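Computed from a predicted structure; not experimentally measured. We name chains A, B, ... by the order of the sequence lines, and we start the count at 1 in each one.
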Amino acid sequence: MPFSLPFEKGKQLTVIYGENGTGKSTICDAFEFLSRGKVSSLENRGLGQTLRFWPSMGKTPSDISVTLETSDGSCCATMTRSGEVTAVPTDKRPRAEVFRKSQILSLIEATPGERYAAISRFIDVSGVEASEGALRDLIRDLRRTQELAIAGLAQNQETIHQFWETAGRPATDAFAWAETECQRGTESFEAESAALNALQIAYARLVEIPDRLKAAQQAVKAAEKSASEAAKTLEDTVQTASKDAAEVVAVLQAAQAYLAKIPTPKVCPLCESEERMSNLANRIRLRLGAFSTVQASQSNAVAAKQTVQRAEQQLEIVRNKAREDVTRFEEVLAEFTWPKDIRLPTRPVPTTLTGLAGWLKDSVELPGEWRMAEIERHDRKQFVATLNHALETWRENTAAQKDLARLIPRLERALEIAMEERRRFTDEILASISAEVGRLYEAVHPGEGLNKISLELDAKKRASLEIGASFCGKDTRPQAYFSDSHLDTLGLCVFLALSALEESGETILILDDVLASADEPHVDRLIEMLYSEAIKFRHCIITTHYRPWKEKLRWGWLQNGPCQFVELMRWTPQTGLALIRSVPDIERLQKLLGETPPDLQSICYKAGVILEAALHFLTLHYECHVPRRATGLYTLAELLPALDEKLRQALRIEVQTGKDSAGAPIYKTVHLKDHLDELTRIAQARNVLGCHFNQLSFQLLDADALAFGQQVVELMNVLTDGDAGWPRNAKSGEYWATAGETRKLYPFKKP
Amino acid sequence: MNSPSQRLADKILKRLLHEKLLSEPEAKKLLPKLADGKLRSQDWRLAIELSTPRKTKP
């Protein structure tokens, strides 16, 4: 069944009263459905997935539709068959915080971790913490680098000092000496080293000359000897053979060559005879064989002659090379200005082999000295390079050390600031929440809340939040010592404080039956506190089954100016949720008085009850004398005389009628005596007309009944304010006032 | 409304500016990264180094 809940314009608080089973939580569910797309009232009831229970019995998810219509526009939330909740338009979706009776202890009884999670969105600075961690890492790394730089610096200083000591402590100090040494450069060592190396190479080539020349000369001699022997052998072989052997061999070789081209000639190519032509080639081969020794001797002789020529050529090459080496050596000597410590040959290199051998013998020690000199220069170069490197590293380490010495303290100060600010920031938020919780708690439990409730982060544990409270002067955990009622109030105060922290002006606050365990008189204070807190929110809806609240509103005992009170009828499958408007009795009486024709019995009855309420208030206030009775029930005949003459004379009300141009309230004084006297005179109308069948009523005029009703209305209009309630506030110490001091009741005490 | 991290980052940078540990341009550059937890070691170093007053040469 569709249900519509109209909200009265200008009323920021809506109190929904209904007995159990009238649908209070369903209205809260509707707001949660619209705002957050969920229904949490069914959670933790052992239902598992609750989605299928969201619709009423026999309905489907797609039957659910919740619309909030405001002057700002409307927003409608529906549900698809798959269970997805969509709200259109999304930008009009209201923000709501729903707090249910079942959740009231959730923050109190939760673990410190869960409690932290609940408020983490207000104090979560994990982003800054991560950046702070990077700064901490940087400082640690730079400290390590600084330590290494300091150690490196000490090592550099020691190395340079050792060099200085080794050099015999020249100059005034090690670093001045090192600077000078390094400025000299290593070019001269390199040039001397290269020249010495070239000199050694050139000398080594001179050393090789005698052996090479001797070897070449011996080769010539050996070749000449072989050639001579070959010539002698050839001569002997030729003499042994026929005189014309050489010519014959030549003819035979020519014939053999001819037969190779023409294997079977018919005639002899020399004499043109056909005789003995058969087997001619074979016979020529046999005859040439007989002349082979001569041929071999001839070949040997030719080869030996060629060997002599080659040996002589080689000898000439060696001689030329020797001349070049000598020239090169002289050039090397001449092209460099040799330092004094380098010993050189005392005379030029001789051009004869014999002379060279003697020269080499005289200078045999020089290459060794040159080698040593070269090594010495190389070492010197290496030393300067090492010294330079040590000096350079020392300079770099010194500079790095200076940079770090300036940078690290600045970074450390930055980290200090980041940590300080983070702690202060978190502490301030927690302190402000604690103060707010304490303020709210104080309003309900006077003297127990201010500066006595605290939220504390556990420094030893991450994301851990404890609730602290002062009990009997000692700081302790409230869970251990507070009553259930106190804990309920504390839970509600924590929820209200947190809800007010975030966009409260945009938030609809919904409190579902949270007054359950509060006891008298705390519940009155709790209600007053909720009244005053409701104005911080866009709207506040409170559901309750607490009947006194309904009655107190009905009688105007609570300030109900900003409050809309609605009452729910019992839910049935046929009617679904249904509203009753709870009208204060004074309004009902005024309505009865305005009816035509008037219902006199109803007017007198209603006026009598209201007058009883007013007299009950005044007699209690001024501790008037009435018969002592166990039931505490009194009639008008007992209550009216209790307000004696002296008190009646003193009773007056200042009624606020407006404000002057400076904003100061303007009051009109009304004395109650006349009202009370008149009511005493006509009070019998209540019994005669309003309560019983009575023949006396036949004698009374309608005007008397109407006058009784009218007089009660006038008394109530003076004594109470429809919006601000009854004058119960004694703060001034001079009078009793309504909220906002719209009424001031004098005297403060019975005269 | 700014997140708690953003509000805290703003406070921290204001103090670093006040104590002259950061210059204004560097603080502006750091603000979003500081709040988001994306500030790396080298970002801190560069920002502080660039904001350190140079010694004037005689």
Under 4.5 Å heavy-atom distance to chain B, tell me which part of A:Arg136 shows up: side chain, backbone, both or neither.
-> neither

Approximate separation, where rounding is to 0.5 Å, of A:Leu496 CG and A:Met529 CE | 5.5 Å

Full working for side chain to side chain donor-acceptor pair (under 3.5 Å) between B:Thr52 and A:Arg410 | CA-CA 9 Å; B:Thr52 304; A:Arg410 293 174 71 82; 3.1 Å; yes

With a 4.5 Å cut-off on heavy-atom pairs, point out which of B:Ile48, B:Leu39, B:Leu21 contacts chain A the most.
-> B:Leu21

Among the listed options A:Ala130, A:Gly127, A:Ala418, the residue most often paired with chain B at heavy-atom distances under 4.5 Å | A:Gly127

Answer yes or no: are there more than 12 heavy-atom neighbours, outside B:Glu24 itself, under 6.0 Å from its atom CD?
-> no

Is the backbone N or O of A:Asp72 less than 3.5 Å from a side-chain atom of A:Thr70, with the two atoms forming a donor-acceptor pair by type?
-> yes

Identify which part of B:Lys20 has an atom lying under 4.5 Å from any heavy atom of chain A, answering side chain, backbone, both or neither.
-> backbone

Is it the side chain or the backbone of A:Ile139 that comes within 4.5 Å of chain B heavy atoms, both, or neither?
-> neither

Would you give the length of the straight line joining atom CZ of A:Arg422 to atom CG of B:Leu8, rounded to the nearest 0.5 angstrom?
-> 8.0 Å

Considering only heavy atoms, which portion of B:Ala35 lies under 4.5 Å from any heavy atom of chain A: side chain, backbone, both, or neither?
-> backbone

Find the one option among A:Gly133, A:Ala134, A:Ala414 whose heavy-atom pairs under 4.5 Å with chain B are most numerous.
-> A:Ala134

Say whether, by atom type as modelled, one donor and one acceptor occur between the side chain of B:Asp43 and the main chain of B:Arg40 under 3.5 angstrom.
-> yes

Select one option (side chain, backbone, both, neither) describing which atoms of B:Glu19 are under 4.5 Å from chain A's heavy atoms.
-> side chain

